[in-house]
Amino acid sequence: MKMITTALVPVLVTGLITASAVTNAAESEFTDKELQMAIEARLVEQLKDPQAAKLLSEFLIEDVLTWRAETLDIEEADSILAFAFGNRHALNGNQNAWSYEWPISGSYG
């Protein structure tokens, strides 16, 4: 199985957003399955790899173009994932400056 590079995803997403705007302007409607089939067909043409095209089209439909995640009851949750990307306020409250005045991890006391 060939791996799909992450560098390809932003290019495809940009194309899909543009195509979505054009589609919305024309007021055409597709089911998710029809859209996935169209994306897959285009990717087969572009990538020359039907297996990679199928995997990528599934990923795009399920993880990029699906805007609402599945939910579950709070009692069923066993973990919480959180991501931090260094967007911290400086001690003076400035939101735009990088602050190296305290560590990203460790004690803040």
Side-chain angles (χ1 to χ4, degrees):
M1 177 187 319
K2 293 183 181 179
M3 297 300 295
I4 299 170
T5 63
T6 55
L8 182 60
V9 173
V11 173
L12 293 170
V13 171
T14 301
L16 288 171
I17 291 170
T18 304
S20 176
V22 171
T23 299
N24 287 341
E27 297 185 22
S28 297
E29 292 188 24
F30 295 99
T31 66
D32 285 352
K33 188 64 179 171
E34 291 170 332
L35 180 57
Q36 183 176 338
M37 289 172 53
I39 291 170
E40 185 176 338
R42 179 67 173 159
L43 290 173
V44 166
E45 187 179 306
Q46 294 294 310
L47 300 175
K48 309 291 190 236
D49 184 339
Q51 186 177 10
K54 180 173 176 37
L55 290 171
L56 186 54
S57 68
E58 289 171 0
F59 166 75
L60 290 171
I61 290 293
E62 294 171 12
D63 298 317
V64 176
L65 298 176
T66 300
W67 290 77
R68 184 174 175 100
E70 293 181 26
T71 59
L72 69 142
D73 192 77
I74 191 68
E75 279 78 31
E76 295 179 44
D78 62 0
S79 59
I80 297 174
L81 299 178
F83 298 93
F85 299 98
N87 185 14
R88 302 177 297 189
H89 293 270
L91 293 178
N92 67 2
N94 189 345
Q95 296 180 19
N96 297 321
W98 286 96
S99 174
Y100 297 102
E101 299 168 9
W102 63 85
I104 291 176
S105 61
S107 173
Y108 298 105

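Note that this is a predicted model, so its numbers are computed, not measured. Below, each value reflects all heavy atoms present in this structure, side chains not excepted, and no hydrogens, waters or symmetry copies.
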request  = Indicate, with yes or no, if Met37 and Ile39 share a hydrophobic cluster defined by side-chain heavy-atom contacts under 4.5 Å among Ile, Leu, Val, Met, Phe, Trp and Tyr.
outcome  = no

message = Test of understanding: clusters of I, L, V, M, F, W, Y form through side-chain heavy atoms closer than 4.5 Å, transitively. Do Val44 and Phe30 belong to the same one?
response = no

Contacts of type side chain to side chain donor-acceptor pair (under 3.5 Å), residue Glu58, not counting sequence neighbours = Lys54

ask   = side chain to side chain donor-acceptor pair (under 3.5 Å) with Glu76: which residues, sequence neighbours excluded?
value =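 Glu76 satisfies side chain to side chain donor-acceptor pair (under 3.5 Å) with no residue once adjacent residues are dropped.
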
Closest approach of Ala53 to Glu40 (non-hydrogen atoms, all atoms of both residues) =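 Scanning both residues completely, I find the closest heavy atoms to be CB-O, 3.8 Å.
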
ask   = Which pair of non-hydrogen atoms, one from Ala77 and one from Leu72, has the smallest distance, and what is that distance?
value = N-CD1, 3.7 Å

task = Look up atom CG in Leu56 and atom CD in Gln46, then write down how far apart they are to the nearest 0.5 Å.
result =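 Output value for this atom pair is 11.5 Å.
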
task = Could you grab the distance from atom CG of Asp32 to atom CG of Leu65, nearest 0.5 Å is fine?
result =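 The distance works out to 8.5 Å.
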
query = Are side-chain heavy atoms of Asp49 and Leu43 found at a separation under 4.5 Å?
reply =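 Sidechains of Leu43 and Asp49: no contact.
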
ask   = Of all residues at least two apart in sequence or in a different chain, which pass the side-chain contact (heavy atoms from CB on, under 4.5 Å) check with Thr71?
value = none

